[in-house]
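Below, chain A is the first sequence line, B the second, and so on; all start at residue 1.
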Protein chains: 2
Amino acid sequence: MSEKNYDVKQEVTDKYSLRGRVFSRLREDILSGKYAEHEELKEVTIGEELGVSRTPVREAFRQLELEGLIQIIPNKGAYVTGITEKDVKDIYMIRSLLEGLCASWATEHITDEQMEEMEENVYLAKFHAEKGHYDQLAELDNRFHEILYEACNSKYLEHTLKDFHQYVIRVRRKTLSNVNRGPKSNEEHEAIMEAIKEKNAKKAQDLANKHILSAYENLVKSGLKEAFDTTEK
Amino acid sequence: MSEKNYDVKQEVTDKYSLRGRVFSRLREDILSGKYAEHEELKEVTIGEELGVSRTPVREAFRQLELEGLIQIIPNKGAYVTGITEKDVKDIYMIRSLLEGLCASWATEHITDEQMEEMEENVYLAKFHAEKGHYDQLAELDNRFHEILYEACNSKYLEHTLKDFHQYVIRVRRKTLSNVNRGPKSNEEHEAIMEAIKEKNAKKAQDLANKHILSAYENLVKSGLKEAFDTTEK
DNA sequence: CCTCGTATAATTGTATACAATCATACGAGG
DNA sequence: CCTCGTATGATTGTATACAATTATACGAGG
């Protein structure tokens with residue numbers, strides 16, 4: 001009966017192995033923009049920076065390649081993958097669909113604890129929005145979506161959405177986070193949450209769908225183009 | 001101007017490096033069912049089998065983990081990931097949505113060469129269907145979808161769909177491929193193709209959507225449950 | 001007979017050494 | 001001055017050695 005839960009908790013391995021730490025660290029650094037796009041990552045350099053040998057670095061590279069964050073050219077090097085304006089749009093369109101599906105499924109499968117964390121999240125976000133704590137607001141925004149992903153009860157959908165969400169976080173850091181978006185976003189979160197509470201899957205799906213699209217529109221408005229302008233300011 | 005095409009042609013690296021060959025080989029073997037689910041893969045054993053050292057094997061393991069084909073427990077081992085009946089259903093539902101989006105985008109971006117290959121594919125499939133060549137039919141079926149993925153002009157959507165498609169191929173091999181499905185599937189392919197030709201994106205989306213759902217229903221009918229019955233026959 | 005702890009074996013994790021490949025510099029030949 | 005080929009250095013690819021961790025076996029103590 002213990003056959004069921006093969007939860008792929010990769011986060012666990014990440015903490016306790018050098019490879020995992022290198023992987024997480026590099027992903028973080030790439031997403032946060034520490035490494036410029038198309039920058040070459042050298043195994044020894046990274047290894048020295050993190051105080052490890054090439055082996056764990058190489059293994060981390062292979063994973064980063066599969067995540068699409070770097071591109072490895074055989075016998076040549078590893079390069080930070082560029083992400084274009086169109087890529088961002090594509091990802092949001094894909095996410096919009098899947099996030100809707102996710103909300104729909106979450107309506108049927110969300111646990112009491114998850115529901116509780118979600119309510120807490122929305123409540124807290126409302127507080128920080130009033131206070132103007134935009135960093136915490138962004139953090140809560142990310143977490144809201146992760147809760148939703150975990151609540152859908154599908155490891156594949158969860159994994160896919162988390163991947164795309166990572167990319168989005170990366171992009172969001174490039175654009176100046178629009179201070180006006182935070183409160184509006186949280187209102188939409190609340191609406192989605194209410195729909196889930198009412199067990200109205202269709203409504204939750206529709207709201208989640210629109211939520212992502214409106215997030216994208218906001219991104220465009222708040223200077224997506226500028227962020228992708230090759231001429232660095 | 002040459003800034004645009006950063007095609008992640010991983011297939012290339014796969015052919016020329018040991019790691020790539022190990023990765024491809026293991027993936028193939030896992031998907032084809034050579035390794036049973038939950039079977040432990042030992043680094044030295046695999047290395048000996050393929051005539052390489054542990055290093056490329058380990059790197060391949062890390063990639064397979066990220067693809068979800070194996071699960072690595074730190075300091076313990078690598079195990080072939082189980083895929084449940086529910087996973088299959090989830091994947092088909094996700095694919096249905098994305099395949100629709102893909103068809104819609106393909107309508108706007110398909111190239112003449114891709115259109116030509118698609119027509120040839122459908123034509124050939126019709127031929128093999130009449131002759132009862134089910135192996136070729138399955139091969140063409142897979143290829144049709146890959147053409148569609150490539151035609152959508154989005155590397156992220158393409159990558160995501162190809163991943164899920166891989167899983168489906170794996171499952172399809174477990175169920176006895178239903179001989180009646182082949183021709184029907186090809187008819188649906190043709191309809192999708194026609195919609196794309198007519199530049200009717202909405203129709204293509206809708207048809208692709210339904211195509212995946214009907215493929216799933218067929219899968220269920222032709223013994224999905226039996227294939228996942230733990231009591232091996 | 002059961003429980004617990006220790007020793008041993010097996011396996012993975014990491015570091016390093018060596019081989020292969022690629023990029024660059026430099027000089028001979030035209 | 002340009003072109004091409006060779007030599008040299010840098011970087012990745014692979015193999016192997018060693019460390020750390022985990023699983024197993026076995027025996028002492030209760």
If I take atom [atom1] in residue [X] and atom [atom2] in nucleotide [N], what distance separates them, rounded to the nearest angstrom?
| X | N | atom1 | atom2 | result |
| --- | --- | --- | --- | --- |
| Glu59(A) | dT12(C) | CD | C1' | 10 Å |
| Glu43(B) | dT14(C) | CD | P | 11 Å |
| Arg58(A) | dG13(D) | CZ | C1' | 6 Å |
| Ile46(B) | dA15(D) | CD1 | P | 15 Å |
| Lys42(B) | dA9(C) | NZ | P | 17 Å |
| Arg19(A) | dA19(D) | CZ | P | 22 Å |
| Ile72(B) | dT22(D) | CD1 | P | 15 Å |
| Leu50(B) | dT14(D) | CG | C1' | 14 Å |

Check the pair Val168(A) / Ile91(A) against side chain to side chain contact (heavy atoms under 4.5 Å, CB included), numbers first and verdict last.
CA-CA 8 Å; Val168(A) 167; Ile91(A) 289 173; 4.2 Å; yes
Is it the case that the side chains of [Y] and [X] hold a donor-acceptor pair, with the cut-off being a distance below 3.5 Å and no angle test?
| X | Y | result |
| --- | --- | --- |
| Arg27(A) | Gln63(A) | no |
| Asp87(A) | Thr84(A) | yes |
| Thr45(B) | Glu48(B) | no |

Closest nucleotide among [options] to the [X] side chain:
| X | options | result |
| --- | --- | --- |
| Val52(B) | dT12(C), dT14(D), dA15(D) | dA15(D) |
| Pro56(B) | dA23(D), dA15(C), dA15(D) | dA15(D) |
| Lys76(A) | dA15(D), dC22(C), dT12(D) | dC22(C) |
| Glu40(A) | dT14(C), dT12(C), dT12(D) | dT12(D) |

Would you indicate, yes or no, if dT14(C) has its OP1 or OP2 atom less than 4.0 angstrom from a side-chain nitrogen or oxygen of Thr55(A)?
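Indeed not, no polar side-chain atom of Thr55(A) lies that close.
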dA15(C) OP1/OP2 closer than 4.0 Å to side-chain N/O of Arg54(B)
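No, outside the criterion.
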Go ahead and name the base partner of dT22(D); Watson-Crick or wobble counts if both distances stay under 3.5 Å, otherwise write none.
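Its partner is dA9(C).
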Please name the nucleotide paired to dT6(D) by Watson-Crick or G-U wobble geometry with both distances under 3.5 Å, or report none.
dA25(C)
Let me know which of Glu158(B), Glu99(B), Lys162(B) forms a side-chain hydrogen bond (donor to acceptor under 3.5 Å, both in side chains) with Tyr149(B).
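Testing Tyr149(B) for a side-chain hydrogen bond (donor to acceptor under 3.5 Å, both in side chains) against Glu158(B), Glu99(B), Lys162(B) leaves exactly one candidate, Glu99(B).
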Map Ser53(A) and Ala78(B) onto DNA chain C by nearest heavy atom, then report which one ends up closer to the 5' terminus.
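The answer here is Ala78(B).
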